[in-house]
Amino acid sequence: MAVGSAVNVQENSAPVGWRRWNPLRCSGLELPTNLVIMVKAIAIALLLTRHFLLLPDPFLPFIPGMDLIPGAWFQRSMQVLMVGGAFALLFNVRIRLSSFLIGMSLLLSVVASKAYYGNNKTFCGLMLVLAALHQPGRSPWILRLQLAVVYFGAGLNKVLDPDWRSGIFMHNWAANRLHQPAFLALEPLLPPLVLAKLMGWFTIVTELALSVLLLLRPLYPVAIWLSILLHSGMLLFTGSTFTLFFYGMTAAMLAFVDWPSEPMTVIYDGDCGFCNNARRFFERLDLEKAFRWERSQAGGLDRFGITPAMVRERAYLVAAGRVHGGFRAFRAMLLYNPAVYLLTYIVLAVPGQRDSSFRNVLVAILLVLVSPLFTPIGEALYRVLARNRHRLAADSHCVR
Amino acid sequence: MRTVVGLAILAFQLAMIVYARFVPSRYFCWAPYDVQTEYWITTVVNGRKLTAREVQARYRRPQHGTDNRSPQHVMDILQGYEEKYGWSDHAEVTMRYRVNGKGERVWQLGAR
């Protein structure tokens, strides 16, 4: 994926007709595609976890006087803002305003009630509001700074806490609170508190490192991976999404992705039946019409540095000035498809607020499939498929 | 204008991160799940100890629970309620708590 590359982020042509309202549509709207995916993912999490049911009435507010507002009125108003805003957002109605309203419903609820206060709600509220404030034609640098501030604060708080440095916090949490099986199995094999200390310092170093990496454009890919690994790891270790944190933090990584503004080109062997079947499948997934499929037989491959012989071995994707081949091409096609993200967040959030083994397994599988470590396996599987594709489609004229 | 608002939001957070170094509370400074505070709340009003359900309704916190942040957050809720909403009850509140599984401490509010 062209992460952090110097691509001019522009909205694609605006959708018309019924396509305008398609919830899976994320391009050609008021915000850049990557930010639309981000805010929609958070909105999906809010709706499917029924977070709106948790919104409070004013109770010991941070801002004096807020508890003079009639409680039921405030609570209903925030619920209407959140749910109405989320549906408007998902159906592409006034995306910027909808994002702002959902974000404000979270932030106002946070400052209205000390009992409701939580970092995850504050973070999601801020990301929604800051996305709404995004200036067209510019990079989302304020969103990126926000992430850096979050990790800086989190890392600093921990490194200054003696219980984090000594491992006492991690031991108490993993052993006494979570009764985490892997931790309980590994801990006796090491001297007391060593495992907890290692885990604690790993968290501290990762968070502080992220606060720096997220400020350095060339290191965005590393930062994105580190952040996703950190939060996915916490999900797998604890079984918890920390209410909205998992959804918000993973979705926020999209703020660091420069989404291609031009249609991406897929070059494939037009004489291959299997390849044509694959093309039809991916075209059905391509709601945004972001991919333009070109048969290698049509010529003109020189401009991409690709030869017909190369295309007989594998398909290629040209996106944002980079050429991806084989497994990498198909993985990139999925990663550049907004619908894939939204459907993924729907599936992840469907279990609701409760812990879910299904969600844990799905996250683990996705991590493996998308990670660079899986690429050699993916390429090997692709080669097997490519060598045998003539057997997979009846009308194939594929050259073996 | 948008830039100013965004920068103001970030500046507030940085200020809270610095402020957190001088106070026991950890509001708006990005300290999620930094402390495991296990607590037990006992509230006596007019000589009667409140039930678990009454404690939950009063403070919006369970009588026995775990807060994933500084114990000060729980204390703020207890003290805030008694001073703001329940001042006429003259309640006696006792919170026993353990931070990160260490030795038990006691915090009290109200006359004994």
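Values reported hereafter were calculated over all heavy atoms of this structure, with side chains retained and with hydrogens, waters and symmetry mates removed. Chain A is the first sequence line, chain B the second, and so forth, proteins listed ahead of strands; every chain is numbered from 1.
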Checklist entry - Between A:Phe169, A:Phe152, A:Phe123, A:Phe62, which has the largest tally of heavy atom pairs under 4.5 Å with chain B? => result A:Phe169

Next on the checklist: If the condition is side chain to side chain contact (heavy atoms under 4.5 Å, CB included), which residues does A:Val194 pass it with, not counting sequence neighbours?
Outcome noted: A:Leu190, A:Pro191, A:Leu198

Checklist entry - Can you check whether B:Lys49 reaches B:Thr43 side chain to side chain, under 4.5 Å on heavy atoms? => result no

Checklist entry - Which residues satisfy the side-chain hydrogen bond (donor to acceptor under 3.5 Å, both in side chains) test with B:Arg48, sequence neighbours excluded? => result B:Glu54

Checklist outcome for this item: One option among A:Leu133, A:Leu130, A:Ile168, A:Leu160 has the most heavy-atom pairs under 4.5 Å with chain B, and it is A:Leu133

Checklist entry - Is B:Val99 close to B:Pro71 at the side-chain level, that is, under 4.5 Å between some pair of heavy atoms? => result yes

Item to check | Interchain contact, B:Ile77 with chain A, by part (heavy-atom threshold 4.5 Å) | outcome: both

Checklist entry - Does B:Val4 have any side chain to side chain contact (heavy atoms under 4.5 Å, CB included) partners at least two apart in sequence or in another chain, and if so, which? => result none

Checklist entry - Checking A:Leu143 against chain B: side chain, backbone, both or neither under 4.5 Å from a heavy atom? => result neither

Checklist entry - Does B:Pro62 reach the side chain of B:Val55, with side-chain heavy atoms less than 4.5 Å apart? => result no

Next on the checklist: I want to check something: taking the side chain as every heavy atom from C-beta on, are A:Ile42 and A:Leu244 in contact at a cut-off of under 4.5 Å?
Outcome noted: no

Using only distance (under 3.5 Å, no hydrogens or angles), which donor-acceptor pairs connect chain A and chain B?
residue, atom, partner, partner atom, Å
B:Arg2, NH1, A:His134, O, 2.9
B:Thr3, OG1, A:Gln135, OE1, 3.3
B:Gln13, OE1, A:Gln146, NE2, 2.6
B:Gln13, NE2, A:Gln146, OE1, 2.7
B:Arg21, NH1, A:Asn157, OD1, 3.4
B:Arg21, NH2, A:Asn157, OD1, 2.5
B:Phe28, N, A:Tyr117, OH, 2.7
B:Cys29, O, A:Asn157, ND2, 3.0
B:Trp30, O, A:Ala154, N, 3.2
B:Trp30, O, A:Asn157, ND2, 3.2
B:Asp34, O, A:Trp164, NE1, 2.9
B:Asp34, OD1, A:Lys158, NZ, 3.2
B:Arg60, NH1, A:Asp57, OD1, 2.5
B:Arg60, NH2, A:Asp57, OD1, 3.1
B:Arg60, NH2, A:Asp57, OD2, 3.1
B:Arg61, NH1, A:Ala115, O, 3.4
B:Thr66, OG1, A:Arg177, NH1, 3.4
B:Thr66, OG1, A:Arg177, NH2, 2.6
B:Arg69, NH1, A:Tyr117, O, 2.8
B:Lys84, NZ, A:Asp67, OD2, 3.3
B:Tyr85, OH, A:Leu60, N, 2.9
B:Tyr85, OH, A:Asp67, OD2, 2.7
B:Asn100, ND2, A:Asp163, OD2, 2.7
B:Lys102, NZ, A:Asp163, OD1, 3.0
B:Lys102, NZ, A:Asp163, OD2, 2.7

Item to check | Proximity breakdown for B:Val74 and chain A, heavy-atom pairs closer than 4.5 Å | outcome: neither

Checklist outcome for this item: From the list A:Ile142, A:Leu60, A:Leu156, the residue making the most non-hydrogen contacts under 4.5 Å with chain B is A:Leu60

Checklist entry - Just wondering, do A:Leu55 and A:Phe74 contact through their side chains at under 4.5 Å, heavy atoms? => result no

Checklist entry - Out of curiosity, B:Glu92 CD to B:Asn46 CG, how far, rounded to the nearest 0.5 Å? => result 10.0 Å

